[in-house]
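Okay, structure first, notes after.
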Amino acid sequence: MQYNLNINYINVEKQDMTVSITGEFIDESINSRFLSTPKVILYFENEQEDRRIPLVIKMENITYISGKCMFSGTYTYRLDCLFWKTRGKNLPFDFYFNLSFADFYEEKVKIDITPKEFSQDKKFYIFEDCGDHYHITKRIEKIKRTARFSSITTKLDGLFKVICLLCSLGLVPIFVIEGLLTFTGFTSMPKKIESENKLARLFSYVLYRLSSTSREHITMDKFKRGLIRFKYKMKKHKKVQPNKITFYSARREEISGNFEFVYNKLKDDKNLDINFLFNTKSFRYMTKKEIDDFTEACATSKVIILDEYTPQIHLLDLKPETKLIQLWHACGAFKTFGFTRIGKPKGSPQPTRNHRSYDYVTVSSEYCKKCHSEGFGIATKNVVPTGIARTDIFFDEEYKNNFRKSFFEKYPNFKGKKIILFAPTFRGNLKADANYPMELFDINDVYDSLSDDYAIIIKHHPFIQEKHPIPAEYKDRVIDLSENTEINDLLFVSDLVITDYSSLVFESSLLDIPMLFYAYDLQSYIKSRDFYFDFKLYIPGKICTSLYTLLEAIKNEDFETEKIERFRNMFFDDLDGNSSQRIADLIYKCLE
């Protein structure tokens, strides 16, 4: 595939670098209905780590015509927020472009990136044009002088805020009385204070009044953030225990998933001090004891292991001897997340600390390294293709047979049927607005088309609270297991998986299960969320955009199963059931 990339301008002012580009991809396969989106990645590397940040290309800035895709984008980047582990060393670094489109990918493209317009104030950085990249050096002395001046103004501003806050604190008794009056109905509580606990509502009301009076934004979130930092600072003097491992989960309430598989590899080692902390609450609802336990673990653990985004841990500067490992729960690299969504709704802003604290992230394949490096804003070397621990179960024949036996004992009507697992993901951005249009998979319409040879298991995303309507006449052949049963287990009894954009596709590929992708809103989903790979080119099954085409594909057994092997090889390096052991070896390495 041919391409052109033109740098319109680069402007550097203080710590900000604004980049504007136009470009085009040229290939005879491109037409007006082409769904692949061009991606331009700014690639930075110093002597010790690298950083990948997408250049924001909005969908309205992409034009498809016969044989050509034209695109443009502009975004402003914070140069002082590029690196995390080595940010204090002020190392010189290089800046390149990476390009991808459809099945084309090239890193550090060999083109002249000299812009048509270039400007810099040279107060903080010196740019050296090296043809296909820039060499950038930080002017340390200038930054230090500016920092000293800034610190004086910051302190004066802080002093003024403290005076305002102290004056407001004198009014706290009045705020408490006001809050108590809201319980009598004499005055009303602000709508945003919704806690059912009266004491929590009273405390939130006092914070609300303090914020409005002092003009300092004081919230429960901010209070808890400060408390977590304070508690950790008080405990930071404690010694890190060389054999202490803490598993901390913000998504589960018991030992399960990746944690269970890794723990089983470590539990017999009597030299290890293994601890578990489970807390599915937002950190604003953490109790004093939960904060104490969390900060104690962070101050004294040699290794901390996560399995989900855990914002409270990124509030802390962990000690260098403490290693943080993220056992990310999803296989492969599917829907974009984190810093890959920079400049888009729900994307991580570049200056945030979120995710960037990880010393290691475990993934399923070498291909995933660049995706997770980009999404988490960490160095590529910090992403380790160990495999995903919980996938080891797919290589345990005894476990699979036992589950099948127990399933058919519980649901005898399903025995001998062709079982369809319908497992779509949710629509919406967050748990609060998560939804799925149930009418688009109407059970009456499905069974009007299919024979009685089929049975259906419905498994909606945990965020979906609504029940899928199941007519009474089909209750012996259709069950909704959205609230129970591990979804991976259901694959052991499934003959066909119907999904859309769920990461279940990775696990399904391990078992060679035929898949259909009911992607009725594919174009809009690409526009709002997008994927790490080209959906149409790489998805391991047939894409159906309506219920009619979906049912026709089922009747004709038109599943395009020939795509599964390529997909599996792309996202799984090792098919041996030993991922948990490789992660255990990584943990032992961190303990050394």
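Looking only at atom types and distance, the side chain of His314 has no donor-acceptor partner in the side chain of His355 under 3.5 Å away. Between the side chains of Ser249 and Asp307, at least one donor N or O sits under 3.5 Å from an acceptor N or O. If you check the side chains of Tyr125 and Gln15, you find a donor sitting under 3.5 Å from an acceptor. The closest side-chain donor-acceptor pair between Gln48 and Thr86, if any, does not fall under 3.5 angstrom. For the residue pair Tyr532 / Thr336, no side-chain donor-acceptor distance below 3.5 Å is found, with atom types taken as modelled. In summary, the side chains of Asp573 and Tyr367 do not present any donor paired with an acceptor at a separation below 3.5 Å, with no hydrogens or angles considered. Thr425 and Ser502 share no side-chain donor-acceptor pair at under 3.5 Å. For the 3.5 Å distance criterion, the side chains of Tyr232 and Gln312 fail to qualify, holding no donor opposite an acceptor. Inspection of the Asn275 and Tyr248 side chains reveals no N or O donor paired with an N or O acceptor under 3.5 Å. The closest side-chain donor-acceptor pair between Thr246 and Lys244, if any, does not fall under 3.5 angstrom. Gln581 and Asp585 form a side-chain donor-acceptor contact under 3.5 Å, judged by distance and modelled atom types alone. Side-chain polar atoms of Ser348 and Asn354 form no donor-acceptor pair below 3.5 angstrom.
None of Phe334, Phe426, Phe535 except one satisfies the ring pair (Phe, Tyr, Trp, His ring centres under 6.0 Å) rule with Tyr501; the exception is Phe535. Applying the ring pair (Phe, Tyr, Trp, His ring centres under 6.0 Å) test between Phe376 and each of Phe337, Phe339, Tyr309 identifies Phe337 as the sole match.
With contacts defined as side-chain heavy-atom distances shorter than 4.5 Å, the pair Asp16/Leu79 does not qualify. Looking at heavy atoms from C-beta onward, Val56 lies out of side-chain contact with Thr74 at the 4.5 angstrom threshold. Residues Ile325 and Leu306 are not in side-chain contact: their nearest non-hydrogen atoms beyond the backbone lie 4.5 Å or more apart. The shortest side-chain heavy-atom distance between Ile41 and Ile53 does not fall under the 4.5 Å cut-off. With a 4.5 Å cut-off on side-chain heavy atoms, Asn488 and Phe394 count as touching.
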Practice item. Go through the steps for Asp50 and Lys381 under the test salt bridge (Lys or Arg N to Asp or Glu O under 4.0 Å), then give the verdict. Key: CA-CA 8 Å; Asp50 59 5; Lys381 68 180 181 180; over 6 Å; no
Practice item. Test Asp530 against Lys39 for salt bridge (Lys or Arg N to Asp or Glu O under 4.0 Å), laying out the working first. Key: CA-CA 11 Å; Asp530 212 354; Lys39 293 179 175 63; 3.4 Å; yes
Exercise for review: Could you please spell out the steps behind the side chain to side chain donor-acceptor pair (under 3.5 Å) verdict for Thr300 and Gln241?
Suggested key: CA-CA 6 Å; Thr300 59; Gln241 304 302 312; over 6 Å; no
Practice item. Mind running salt bridge (Lys or Arg N to Asp or Glu O under 4.0 Å) on Lys239 and Glu321 for me, showing each step along the way? Key: CA-CA 10 Å; Lys239 289 184 178 181; Glu321 58 266 43; over 6 Å; no
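The nearest pair of heavy atoms linking Leu504 to Ala423 is CD2-CB, 3.7 Å. Smallest separation of non-hydrogen atoms from Ile464 and Tyr436: CD1-N, 3.7 Å. Here the closest heavy-atom approach between residue Ser364 and residue Phe571 is recorded as OG-O, 2.6 Å. Between Ser357 and Trp84, the shortest heavy-atom contact is CA-NE1, 3.7 Å. When all heavy atoms of Leu591 and Leu272 are compared, the closest pair comes out as CD1-CD2, 3.6 Å. Considering every non-hydrogen atom in both Gln350 and Ile342, the closest pair reads CB-CD1, 3.8 Å.
Checked by atom type and distance alone, the side chain of Arg341 pairs as donor or acceptor with a backbone atom of Arg529 at under 3.5 Å. The backbone N or O of Ser301 lies less than 3.5 Å from a partner atom in the side chain of Thr322, making a donor-acceptor pair. Checking side-chain atoms of Asp521 against main-chain N and O of Ser524 turns up no donor-acceptor pair under 3.5 Å. Lys459 contributes no side-chain N or O that, together with a main-chain N or O of Asp480, makes up a donor-acceptor pair within less than 3.5 Å. Side-chain atoms of Glu308 never come within 3.5 Å of backbone atoms of Trp328 as a donor-acceptor pair (strictly under, hydrogens ignored). Between the side chain of Lys289 and the main chain of Met286, no donor-acceptor pair closer than 3.5 Å is present. Side-chain atoms of Asn435 come within 3.5 Å of backbone N or O of Arg427 as a donor-acceptor pair. In this structure a side-chain-to-backbone donor-acceptor pair under 3.5 Å is present from Thr295 to Asp292.
Within the structure, salt bridge (Lys or Arg N to Asp or Glu O under 4.0 Å) pairs that include any residue of residues 359-376 comprise Lys85-Asp359, Glu366-Lys369 (at least two apart or interchain).
Between Phe278 and Phe259, the ring planes lie tilted relative to each other; the angle falls in the 30° to 60° range. Taking the six-membered ring where the residue is Trp, Tyr75 and Tyr77 present perpendicular rings, their angle passing 60° and hence far from 30°.
Within a 6.0 Å radius of CD in Glu13, no more than 12 heavy atoms belonging to other residues, nucleotides or ligands are found. Residue Tyr588 qualifies as enclosed at atom OH: its count of foreign heavy atoms under 6.0 Å is above 12. Heavy atoms of other residues, nucleotides or ligands lying less than 6.0 angstrom from NZ of Lys319 number more than 12. The 12-atom threshold is not exceeded at NZ of Lys14, counting heavy atoms of other residues, nucleotides or ligands nearer than 6.0 Å.
With respect to Lys238 and Glu296, a salt bridge is recorded, a charged nitrogen being found less than 4.0 Å from a carboxylate O. Using a cutoff of 4.0 Å between basic side-chain nitrogens and carboxylate oxygens, Lys302 and Asp273 are not scored as salt-bridged. The pair Arg52-Glu45 does not meet the salt-bridge criterion, since no charged nitrogen lies less than 4.0 angstrom from a carboxylate oxygen. The pair Arg353-Asp317 meets the salt-bridge criterion, with a side-chain N (NZ, NE, NH1 or NH2) lying under 4.0 Å from an Asp/Glu carboxylate O.
Note: Phe506 CZ to Phe572 CZ = 7.0 Å, rounded to the nearest 0.5 Å. In this structure, Ile393 CD1 and Asp489 CG are separated by 7.0 Å, a value rounded to the nearest 0.5 Å.
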Result block: side-chain N/O donor-acceptor pairs under 3.5 angstrom for residues 382-391, not counting sequence neighbours:
residue: Asn382; atom: ND2; partner: Tyr358; partner atom: O; Å: 3.3
residue: Arg390; atom: NE; partner: His329; partner atom: O; Å: 3.1
residue: Arg390; atom: NH1; partner: Glu507; partner atom: OE2; Å: 2.7
residue: Arg390; atom: NH2; partner: His329; partner atom: O; Å: 2.7
residue: Arg390; atom: NH2; partner: Glu507; partner atom: OE2; Å: 2.7
residue: Thr391; atom: OG1; partner: Ile388; partner atom: O; Å: 2.6

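Residues Tyr43 and Phe95 keep their aromatic ring centres 6.0 Å or farther apart.
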